[in-house]
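For reference, the structure is listed below as structure tokens.
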Amino acid sequence: MTSTSPSTPHSFQVDLRGLVDLLSHHLYSSPRVYVRELLQNAVDAITARHALEPAAEVRIRLSASGGRVTIEDSGIGLTADEAHSLLATIGRSSKRAGGGSDLNEQGLEATRQEFLGQFGIGLLACFVVARQIRVVTRSARDPHAAPVEWLATDDGSYTVRELPHDARPEPGTTVVLEARPGAAEWAVPAKVEELARDYGSLLPYEIIFDDGEGGEPRPITDRPAVWDRPFPTPDARRVALAGHCAQLFGFTPLDTIDLDLPVAGVRGVAYVLPEPTSPAHRAGHRVHLKGMLLTERADNLLPDWAFFVRAVLDTDTLRPTASRENLYDDETLAAVRDALGARVRGWLAELAASDPDRLAAFLQVHHLGVKSMARHDPDLLGLMLPWLPFETSDGSMSLQEFAAAHTDIHFTRTVEEFRQIAPIAAAHGLGVINAGYTYDADLLALLPAVRPELKVTELDAGAVTERLDPVPTSAELALAPFLATARTRLEPQSCDVVLRAFQPVAVPALYLDDRQARQERDRTAALESADSLWSGILGALRGSAPRARLVLNHNNPLIRRIAALPDEALTGTAVESLYGQALLMSQRPLRPADSTLLNRAFLGLLEWATHSTDDRDAQEGQK
């Protein structure tokens, strides 16, 4: 048996240029993150020093001039050994337990949760814009240690040397970046200040910016966050939040919702969009982690159904991804997402209970999206369905209002059918909802699950006919020959004829149809065009579904005059014309048989009219 000696371990070699390419093209979305890395290191250095010296001075100063960006802090600083170990080792962080000696063990355990950085890439990420990085630092832990200069270039080389004590009398660190060719735009003072404000406005320590042009240095931070500031009145707070939303997101919100989860370390606000938006659109929310902007495109922060808000918040519990540009989707985020969703639901419930006008204003904008999401979210359905607006035979109103007047609710599946029947239904106390718009039919089908006492059915011809006033028996018997002629003439159209009295008087005839009747007509049409095999199969499927109905209005004078015509052929042509006019008013698609009937009736009336004129002219000539 052959034995082998242990192999000698080797260290990985890292190509800095390749690393920078990886960072800039794959990990980070933009070179702009270099400002965040500078701010993050400075804030963490201050935090570390406060764990060692709670009364230590806090100073972070950022400046930009001549293609250079400089940041100075009064933080913990580094020794020469730490500069070697921490600044030039990929993946090592002074914030990791056991990963360095930035703090003593007790201070590390007590303070590490306050650090912003967690992944140890650190200062090297600044090479996405820098040709050279110079760090001058002095340790606060070892008063006798000399200041240290760490100088690195983008070719992967660096030097470390000790400086005279007077080169930096006080503890802290100064970092100077020199922009590389092609990245000068990222070192322009206005750009640096803009990025610093964007990333660092909520950081816990004051940061001062100096543009290097002789202007007055100005603060970058703006704390406390606007949602945590005291205001003299609720209206003043609402105005301030609206201004904050306009500045961040570019719109004035319909309303604001506080997102306060102390147990989860989350504070913020959600702004309600003033314009409709698609529920399929994943809104980007703005998230700060311990005051540092993490992302403005967090699309996993709120439930999908909360598509109508844009949120901005600060958290100290949620985990960032490796790039620190989004939230890591774990159990903690899932729990926070549910809790934030409950806050939004609570806002909706409060509006429903105490401020129906504001709720109506919200639904006027977002009702379509809410309807879309409520179909799949039982909680949202139960909360919002009674308040959603629908077009009804009593006017536009919420289901809550409509159900107060009607326990039997009928609906039409097409807008055209509703518009034909709505005036007549309203006049006769029949409750009808237009479910021809997107999602409405689905929601009405779910209504009994929320309100079991309500009965919801699709409108059928029989239900409407039963609500219309019957004609006295004597009058109907007197018109029996007319009705027989009408039924015979419309039999080929699979349409029955009934006589009723209804309002408005101006409507001579009403065409009523339902889904079963349409299915039966489609089956009949298929039967007529099928071969012998399919004719047998379709014939066996013949149903007993009710047929369409032409309801003639006995109150209408035209109907009475047609019923009194002595010419049976002319009566039949007039009935076909009434059928065609009612069919056109319903705006249903015309079948070939319907088009043929309309043409025949139109030409028949023209022929009758012209013959009548000729007869009158002949009689005048004889005189």
Side-chain angles (χ1 to χ4, degrees), residues 356 360 385-437 440-441 443-476 479 483 495-518 546-560 578 581-583 585-588:
L385 185 55
W387 303 100
L388 290 172
F390 287 84
E391 185 178 8
T392 78
S393 53
D394 295 344
S396 181
M397 61 180 60
S398 69
L399 282 181
Q400 184 89 350
E401 297 171 304
F402 190 70
H406 305 279
T407 54
D408 288 345
I409 296 176
H410 301 273
F411 67 91
T412 64
R413 288 189 178 272
T414 66
V415 175
E416 295 77 15
E417 187 178 4
F418 173 80
R419 289 177 180 169
Q420 184 196 22
I421 199 63
I424 298 166
H428 293 270
L430 184 66
V432 181
I433 292 178
N434 179 8
Y437 295 117
D440 285 3
L443 289 172
L444 288 173
L446 296 171
L447 180 58
V450 179
R451 297 282 300 274
E453 73 278 10
L454 298 178
K455 180 182 178 182
V456 179
T457 56
E458 184 175 351
L459 184 70
D460 60 56
V464 178
T465 306
E466 289 172 4
R467 287 298 186 103
L468 304 181
D469 296 333
V471 176
T473 304
S474 58
E476 189 164 4
L479 295 176
L483 293 175
C495 181
D496 291 333
V497 178
V498 296
L499 186 67
R500 291 290 186 273
F502 57 87
Q503 301 295 327
V505 174
V507 177
L510 176 65
Y511 181 83
L512 295 177
D513 202 1
D514 55 38
R515 184 168 55 179
Q516 289 181 316
R518 289 191 292 271
R547 302 197 300 174
R549 296 184 184 185
L550 182 68
V551 183
L552 303 178
N553 188 0
H554 189 252
N555 291 337
N556 183 270
L558 176 62
I559 296 297
R560 296 188 179 188
L578 289 171
Q581 186 265 349
L583 196 61
M585 289 296 294
S586 70
Q587 299 187 36
R588 290 179 173 84

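Position 1 is the first residue of the sequence, and the numbers go up from there.
The distance from the CG atom of L443 to the OH atom of Y437 is 15.0 Å, given to the nearest 0.5 Å. To the nearest 0.5 Å, the span separating CZ on R419 from OG1 on T414 amounts to 10.0 Å. To the nearest 0.5 Å, atom CH2 of residue W387 and atom CE of residue M397 are 13.5 Å apart. L479 contributes atom CG, which lies 5.0 Å from atom NE2 of H554 (distance to the nearest 0.5 angstrom). Taken from CG in N434 to CD1 in I421, the straight-line distance is 12.5 Å, to the nearest 0.5 Å. A distance of 10.5 Å separates CG in L499 from CG in L550, rounded to the nearest 0.5 Å.
Nearest heavy atom pair, residue K455 against residue T457, reads CE-CG2, 3.9 Å. The heavy-atom pair separating Y511 from A548 by the smallest distance is OH-CB, 3.4 Å. Of all non-hydrogen atoms in A427 and Q503, the two that sit nearest each other are CB-CB, 3.9 Å. Summarising the geometry of Q581 relative to P508, their closest heavy-atom pair is OE1-CG, 4.2 Å, with the distance given to 0.1 Å.
In this structure a side-chain-to-backbone donor-acceptor pair under 3.5 Å is present from N553 to F502. The backbone N or O of L430 lies less than 3.5 Å from a partner atom in the side chain of S393, making a donor-acceptor pair. With hydrogens and angles ignored, the 3.5 Å screen pairs a side-chain donor or acceptor of N556 with a backbone N or O of V505. When atom types are taken as modelled, the side chain of R413 and the backbone of A435 share no donor-acceptor pair closer than 3.5 angstrom.
By the 4.5 Å heavy-atom criterion applied to side chains, L578 and I559 are counted as neighbours. Contact check for T392 versus H406: no side-chain heavy atoms found under the 4.5 Å cut-off. For the pair F411/E458, a side-chain contact is recorded, criterion being any heavy-atom separation below 4.5 Å from C-beta on. Using a 4.5 Å cut-off on side-chain heavy atoms (C-beta onward), P504 and I424 make contact. You'll find the side chain of V432 reaches within 4.5 Å of the side chain of T412, heavy atoms only. Residues L399 and L444 meet the side-chain proximity criterion, which asks for heavy atoms closer than 4.5 Å.
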For this session: For I433 and D440, run side-chain contact (heavy atoms from CB on, under 4.5 Å): C-alpha distance rounded to whole Å, both residues' side-chain angles, the deciding distance at 0.1 Å, then the answer.
Result: CA-CA 9 Å; I433 292 178; D440 285 3; 5.8 Å; no
Exercise. Given L468 and H428, is the side-chain contact (heavy atoms from CB on, under 4.5 Å) satisfied, shown in steps?
Worked result: CA-CA 7 Å; L468 304 181; H428 293 270; 3.8 Å; yes
